[in-house]
Amino acid sequence: MANLGLFSGTKTAKSVNVSFRLPYYTQWGQSLLVCGSERVLGSWDVKKGLLLSPVQQGEELIWGGSISVPSEFSGEYSYYVVDDKKSVLRWEMGKKRKLVLPEGINGGEHVELHDLWQAGGDAIPFRSAFKDVIFRRSWGLNIERPLGIQNKLDKEDAVVVHFKICCPDVEEETSVYVIGSTAKLGQWKVQDGLKLNYAGDSVWQAGALMQKGDFPIKYKYCKYGKAGNFSLETGAHRDLSIDSSKVPPRYIFLSDGMMREMPWRGAGVALPMFSVRSEADLGVGEFLDLKLLVDWAVVSGFHLVQLLPINDTSVHGMWWDSYPYSSLSVFALHPLYLRVEALSENLPETIKKEIQEAREQLDGKDVDYEATLATKLSIAKKVFVQEKDLILNSRSFQKYFSENEQWLKPYAAFCFLRDFFETSDHSQWGRFSCFTEKKVEKLVSKDSLHHDIIRFHYYIQFHLHTQLTEAAEYARKKGVILKGDLPIGVDRNSVDTWVYPNLFRMNTSTGAPPDYFDKNGQNWGFPTYNWEEMSKDNYAWWRARLTQMAKYFTAYRIDHILGFFRIWELPEHAMTGLIGKFRPSIPLSKEELEREGIWDFDRLSLPYIRQEFVQERFGASWTFIVSNFLNDYQKGRYVFKEDCDTEKKIASKLKMLAEKSMLLESEDKIRRDLFDLLKNIVLIRDPEDESKFYPRFNLEDTSSFQDLDDHSKNVLKRLYYDYYFHRQENLWRQNALKTLPALLDSSDMLACGEDLGLIPACVHPVMQELGLIGLRIQRMSSEPDLEFGIPSQYSYMTVCAPSCHDCSTLRAWWEEDEERRCRYFKNVVGSDGIPPSRCVPEIAHFVLRQHVEAPSMWAIFPLQDLLALKEEYTTRPAAEETINDPTNPKHYWRYRVHVTLESLMNDKELISSIKGLVRGSGRSHPSVEETDEQGNQETIVMVTGKHQAAKGLEKISFEKQLTGVPRPETYVL
C-alpha cells in the first residue's frame with residue numbers, strides 16, 4: 001500500500017505490530033503463507049515466509065498472522081497456498097502488494113491489513129482490451145492527494161480505517177463513495193458518504209476516523225454522478241468488525257478488491273483475414289479492410305473482431321501455405337494481406353492499371369492463394385524499385401527497423417536462402433544449414449550483391465506493419481477489440497527452428513488424439529517444444545511472440561491451450577495422429593506391468609498381424625502385400641520389413657510401386673489398410689527407454705487387444721484409464737503453471753484459451769486460477785452426459801459460439817444430419833414437430849439468441865452464422881462456407897465471404913436484426929450515431945451491459961473468486 005500522506009507525527013524506534021488477515025477456503029493439508037521482499041517475510045523465499053493460522057468466523061475461514069517491524073518499514077508481499085512442507089501449490093496473480101506504514105506511526109501500535117486473494121480474473125479489467133478499448137476514456141482522471149485526517153488518534157478508542165476499492169469503469173463527472181452504517185459513512189445516504197480519492201490505475205481510496213463504538217460496520221461502495229444518479233455495488237453488504245475483547249488496532253487497511261457490479265458482457269464477430277471481401281481488396285482480405293469491418297461491427301453492436309493467425313506461412317511456395325497455423329515466422333506478417341495501392345501516393349498509371357486488371361481477375365468465389373500472392377509481390381517489387389530509397393531512409397522506417405531487427409534480419413536472410421536453394425528445408429542449405437549471427441550479418445550486409453533482395457523483405461514487412469497498425473488504432477478508437485490467434489506450433493522448416501533449434505524436438509511431431517474434430521487423431525507435423533530448454537531464459541521466445549502480437553491486438557486466442565499442459569507427441573516418421581503419447585506424462589513401467597502379470601511385451605508393442613487379417617483386408621492381392629511389405633514372424637503371424645516399418649516408409653514404398661504400375665488396388669486404400677495393420681498394437685514402447693510403455697489410444701478397438709486373455713484385458717483397461725485420466729493430472733497442472741504465466745505476464749492483452757477436445761480434469765481449474773477465458777461450442781458439449789451444450793448454463797469466464805473455423809457452419813451443421821437435427825429440435829428447441837430441413841432465418845435467430853443471452857463474458861459469432869439471419873445470403877451452398885476440414889491435413893484454406901463489406905454496411909435490415917439481438921440481451925455495445933425518421937442524428941452512447949435487463953434471461957450466474965475458491969452467486973437481472 002502506498003504512503004498516502006494521511007498521517008503525521010514523530011517517529012520512534014519502537015517496533016510496530018503488523019497483522020495480516022485474508023479469507024480463503026483451503027483443502028485438507030493446505031495452508032496459507034505470506035512472503036515478501038524483506039527478511040522478516042522471507043526475502044521472497046517461500047520456505048522462510050510467515051505461515052498463517054486459520055480461524056473460522058461464521059461462514060468464512062480467516063487466515064492470520066503477525067510480524068513486528070520498525071516504524072519506517074516498507075516492502076512488498078504476496079500470499080501463497082502451500083502444503084505441509086511449504087511447497088507452493090498456488091500463488092496470487094497480479095501485481096505484488098505494497099506495504100508502507102503510516103507516516104509518523106508510534107511505536108507499539110498495531111496495524112491490521114485486511115486483504116482479499118488476488119485471482120487471475122481480478123486482472124481482466126486491467127487488460128488492454130478493457131483498459132485501452134472498452135473503458136477507454138476521452139476525458140482524464142486526475143490523481144488526487146488525500147486531504148488527511150485531523151486529530152486522528154486523540155482518543156484512545158479511535159481507529160483509522162483506510163478504504164480502497166478498484167473500479168475501472170467510471171463515467172465522466174462521476175465519483176466513487178463508500179456508504180455504510182456509521183455517521184462517517186453517511187448512514188447509508190450517498191450524499192453524506194465518504195468520497196474516495198482517485199489514486200491511479202483505477203484505484204479509489206480514502207481514510208476515515210472511527211470510534212470503537214462504531215463497530216461492527218456495514219458498508220458498500222457506490223458511484224455517484226453530479227446529476228444525482230448513483231449505482232450501488234451488488235451483493236450483500238461488506239462487514240468490518242474488531243474483537244471487542246482485545247485492544248483494537250489503531251489502523252485498519254482494507255483492500256476490498258473489485259467493486260461488485262453486474263458482470264460486463266460483450267459480443268463479437270469472427271472472420272479470417274483472408275475471407276474478408278471488399279471493393280478495394282485484391283483477391284483476398286487486406287489489413288486496411290479491417291477498418292471497414294470495424295465500422296460494420298460497431299453499427300451491428302459488436303465490441304470485438306476475431307481473426308485467425310496472420311503470420312507469414314510462405315514455406316512451400318504453393319497453396320499448401322494457405323494453412324494459417326503453420327508459421328514460417330512467428331514475428332513476420334503475411335505479405336498476402338498487403339494493400340499494394342497504399343505502398344505509395346505516387347503510383348504510375350501503368351501500375352494503377354495493372355492493379356485494377358488484377359482486381360478483376362482475382363475477384364473469384366474463393367481465394368486463389370498462389371495467384372494472389374504472386375501478383376501482389378510482383379506489383380510490390382515494381383513500387384519498391386521506384387520508392388525504396390525514400391522509404392528505407394525515412395525516420396519511420398529507421399525506428400521500425402531498430403525495434404524489430406532482431407527477428408527481421410534472420411527472416412529476410414531466411415527468405416533469400418529459401419528462394420536461392422528453392423526449399424525452406426534449411427538442412428539442405430549447406431554451410432547455411434546451421435544458423436549463426438555472423439553468417440546472417442554477412443548475408444544482410446550492405447556490401448552484398450543481393451542486398452536489394454534483403455531490403456525488399458524489410459520494405460514489405462514495414463508496410464504490413466504500418467497498415468495493420470493503422471487498422472488496429474482505428475479499432476481502439478471505435479471501441480472495438482482486435483483479437484488475434486496464437487498458433488500452438490511452427491513449421492519445422494521455419495525461421496524459428498533455424499534460429500533456435502535447441503527450443504524444438506525436431507525428431508517428433510505434434511498433433512491431437514482422437515476427439516470431436518477427428519476420430520482418428522491429427523498429426524500437425526510441427527516439432528514439439530523443448531520446454532526444459534525454454535525455461536532456462538524464462539520462456540523468452542514465447543514472451544517475445546506475445547510482445548510482438550500486443551503491438552496490434554488487445555486480445556488473443558491461445559490455440560490448443562491443452563498443449564501447455566501436455567502435448568500429443570508423435571514420432572517424426574508418423575503421418576497419422578493415432579500412435580502417439582502425451583509429453584510430459586508418467587509412463588507404464590516394465591516393473592509395474594510385470595507386477596500385474598503382463599510379460600509378453602513384444603506381443604503387445606509390435607504390430608499384431610495374423611495371416612487371416614491380411615487376407616481379409618487385401619483379398620486376392622494379399623500375397624503381393626506379404627511379399628513386398630511383410631516378413632514371417634511366428635506361425636501364422638507377420639512383421640513389417642525394415643524398409644517399410646513406419647508410415648513414411650510405407651508411403652514411400654507405395655509411391656514407388658505405383659510409379660511402376662504394380663498396385664492392384666488404389667494407392668490410398670492400400671496405404672490406409674497397411675497403416676491400420678501398423679497401428680494394431682496395445683502398448684507403445686518408449687524409443688528413449690525400452691523399459692517404459694504408453695497405452696495406445698483406444699486400445700480396446702484393436703484386434704490385438706481383443707485376442708488377449710481376460711486377465712490381460714482387465715489389467716490393461718485399468719492401466720489405460722489410469723494413464724489417460726488420473727495419474728497425469730498433477731504433473732500436467734504443474735507444467736501449465738510453469739508455462740502459461742510466462743505468456744500472461746509478457747503482455748497486457750486479454751487471453752482466451754481454446755479448450756476443446758479431450759480435456760483433462762486439471763485444465764478448467766488452472767484456467768480459472770490464471771484468469772483465462774475458455775471456449776464453449778454448443779455442439780461440442782463439455783458435459784459428458786449432454787449431446788448439446790446449454791448456453792444458459794455456461795460460466796461467466798467463457799466465450800460462447802455456435803460454431804468455429806474448425807467445424808462446419810451453423811447452416812451446414814443443421815442441414816448435414818437429419819437425425820441429429822431432430823434431436824436438437826426436440827431437446828433444445830423444445831418441439832416435437834418436424835424441424836425444417838434447411839436452416840431458415842428463424843432457426844438461426846433462435847440459436848444466436850441462445851448464445852447472445854448466455855452468461856458468458858463473450859458471445860462471438862462467425863460471420864457465416866450471422867448471414868444465416870437473412871434468406872438472401874443463404875443461396876450459396878452451406879458446405880462451401882466451411883473454413884477448415886480438420887480431417888484433411890492438406891485442406892485448402894480459401895473461403896471468401898460472397899458479399900462485400902460495403903454491401904453489408906448498406907444492409908440496414910441485417911444490421912437491425914443483429915443489433916436487436918445484442919441490445920436485447922443486455923450485452924454492451926459501442927456508441928454509434930443513428931438517424932431518426934426525421935433525418936436528425938442522435939448519438940447512442942455505449943451501454944456497459946450492467947444495467948440492462950436481458951430479454952428472456954431471468955438469471956445470470958458467474959463464479960466470483962474473492963477468497964481463492966469459487967463460490968457461486970446468482971444475480972437477478
Side-chain angles (χ1 to χ4, degrees), residues 34-37 44-46 76-81 88-98 116-133 166 168 200-203 257-258 330-331 403 406-407 481 483-488 500 503 529-565 732-755 762-763 765-774 797 961 964:
V34 61
C35 185
S37 58
W44 292 124
D45 182 350
V46 175
E76 294 182 328
Y77 69 99
S78 281
Y79 293 98
Y80 299 82
V81 179
V88 176
L89 303 175
R90 189 176 296 117
W91 59 89
E92 286 191 292
M93 302 299 293
K95 297 179 180 178
K96 304 295 185 186
R97 302 172 184 269
K98 295 187 182 299
L116 295 176
W117 180 269
Q118 294 179 169
D122 296 335
I124 284 178
F126 306 103
R127 295 293 183 181
S128 56
F130 288 96
K131 176 170 57 79
D132 300 333
V133 183
C166 181
D201 290 333
S202 299
V203 171
M258 298 291 298
V330 299
F331 300 101
E403 293 174 352
Q406 186 173 359
W407 66 264
I481 295 164
K483 182 181 177 184
D485 197 321
L486 183 74
I488 185 63
Y500 308 105
L503 301 185
Y529 294 121
N530 186 342
W531 290 110
E532 294 78 10
E533 191 67 28
M534 288 179 163
S535 67
K536 292 178 181 178
D537 59 5
N538 193 25
Y539 309 98
W541 180 77
W542 282 103
R543 289 186 286 110
R545 287 183 71 177
L546 271 295
T547 300
Q548 187 73 7
M549 279 190 76
K551 294 178 180 178
Y552 315 112
F553 299 105
T554 49
Y556 67 106
R557 168 190 177 271
I558 302 175
D559 174 42
H560 193 64
I561 197 172
L562 304 183
F564 292 90
F565 292 78
W732 291 343
R733 170 186 160 80
Q734 291 174 354
N735 197 53
L737 290 175
K738 289 177 186 175
T739 56
L740 285 172
L743 270 71
L744 300 177
D745 293 343
S746 60
S747 81
D748 62 356
M749 291 184 289
L750 179 68
C752 306
E754 182 265 290
D755 53 345
C762 63
V763 170
V766 168
M767 291 181 66
Q768 182 182 6
E769 188 174 327
L770 299 179
L772 282 159
I773 301 168
M797 290 289 287
Q961 196 172 8

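Partners of D755 by side-chain hydrogen bond (donor to acceptor under 3.5 Å, both in side chains), not counting sequence neighbours, listed by chain and number: H764, R776. Under the side-chain hydrogen bond (donor to acceptor under 3.5 Å, both in side chains) criterion, W44 pairs with no residue at all, not counting sequence neighbours. Among residues two or more places apart in sequence or in another chain, the ring-ring contact (aromatic ring centres under 6.0 Å, His included) test is passed with W732 by F582. Taking the side-chain hydrogen bond (donor to acceptor under 3.5 Å, both in side chains) definition, one finds that Y552 meets it with H465, sequence neighbours left out. Every residue two or more places apart in sequence or in another chain was checked for a salt bridge (Lys or Arg N to Asp or Glu O under 4.0 Å) with R127, and none qualifies. Annotation: side-chain hydrogen bond (donor to acceptor under 3.5 Å, both in side chains) contacts of Q734 (sequence neighbours excluded): none.
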Test side-chain contact (heavy atoms from CB on, under 4.5 Å) on I488 and L562 and set out the steps. CA-CA 9 Å; I488 185 63; L562 304 183; over 6 Å; no

Kindly determine whether M534 and K738 satisfy side-chain contact (heavy atoms from CB on, under 4.5 Å), including the steps that lead there. CA-CA 11 Å; M534 288 179 163; K738 289 177 186 175; over 6 Å; no

Chi angles and distances behind the side-chain contact (heavy atoms from CB on, under 4.5 Å) call for L743, Y539: CA-CA 8 Å; L743 270 71; Y539 309 98; 5.9 Å; no

V46 vs W91, test: side-chain contact (heavy atoms from CB on, under 4.5 Å). Steps then yes/no. CA-CA 11 Å; V46 175; W91 59 89; over 6 Å; no

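Closest approach of K483 to C752, counting heavy atoms only: NZ-SG, 3.7 Å. For the pair L89 and R733, the tightest heavy-atom approach, listed with the atom from each and the gap, is O-NH2, 2.8 Å. Across all non-hydrogen atoms, the minimal contact from G771 to I124 is O-CD1, 3.9 Å. Taking both residues in full, the closest heavy atoms of I561 and G753 are given as CD1-CA, 3.9 Å, listed atom of the first, atom of the second, then distance.
Counting heavy atoms from C-beta on, the side chains of D201 and F126 never come closer than 4.5 Å. When side chains are defined from C-beta on, F553 does not count as touching L486, because their heavy atoms never get closer than 4.5 Å. Contact of the L737 side chain with the L770 side chain is registered, since non-hydrogen atoms from C-beta on lie closer than 4.5 Å. W541 has its side chain within reach of V330: a pair of non-hydrogen atoms, C-beta onward, lies under 4.5 Å apart. Put simply, the side chain of S747 does not reach to within 4.5 Å of the side chain of M549, judged on heavy atoms. Put simply, the side chain of P487 reaches to within 4.5 Å of the side chain of R545, judged on heavy atoms.
Taking NZ of K536 as the reference point, atom CG of N530 lies at 7.5 Å (rounded to 0.5 Å). Between the CG atom of D748 and the CZ atom of F130 there is a distance of 12.5 Å, given to the nearest 0.5 Å. Between the CZ atom of R97 and the OG atom of S37 there is a distance of 14.0 Å, given to the nearest 0.5 Å. Within the model, atoms CG of L744 and CG of L772 stand 5.0 Å from one another, a figure rounded to the nearest 0.5 Å. Here the straight-line distance linking atom OG of S202 with atom CE of M258 works out to 7.5 Å at 0.5 Å rounding. Remark: R543 CZ to S746 OG distance equals 7.5 Å, nearest 0.5 Å.
Taking a 6.0 Å sphere around CD of E403, one finds it holds more than 12 heavy atoms contributed by other residues, nucleotides or ligands. When the shell of 6.0 Å around NZ of K95 is examined, it contains 12 or fewer heavy atoms from other residues, nucleotides or ligands.
Below 30°, between 30° and 60°, or above 60°: for F331 and W407 the angle between ring planes is below 30°, a parallel geometry.
E754 contributes a side-chain N or O that, together with a main-chain N or O of H560, makes up a donor-acceptor pair within less than 3.5 Å. The backbone N or O of E92 lies less than 3.5 Å from no partner atom in the side chain of Q118, so there is not a single donor-acceptor pair. A donor-acceptor pair is defined here as one N or O able to donate and one able to accept, closer than 3.5 Å; such a pair exists between the side chain of N735 and the backbone of F565. Here the side chain of T554 pairs no donor or acceptor atom with the backbone of S128 at under 3.5 angstrom. Without hydrogens or angle criteria, E533 side chain to L503 main chain gives no donor-acceptor distance under 3.5 Å.
W531 has its ring centre less than 6.0 Å from the ring centre of F564.
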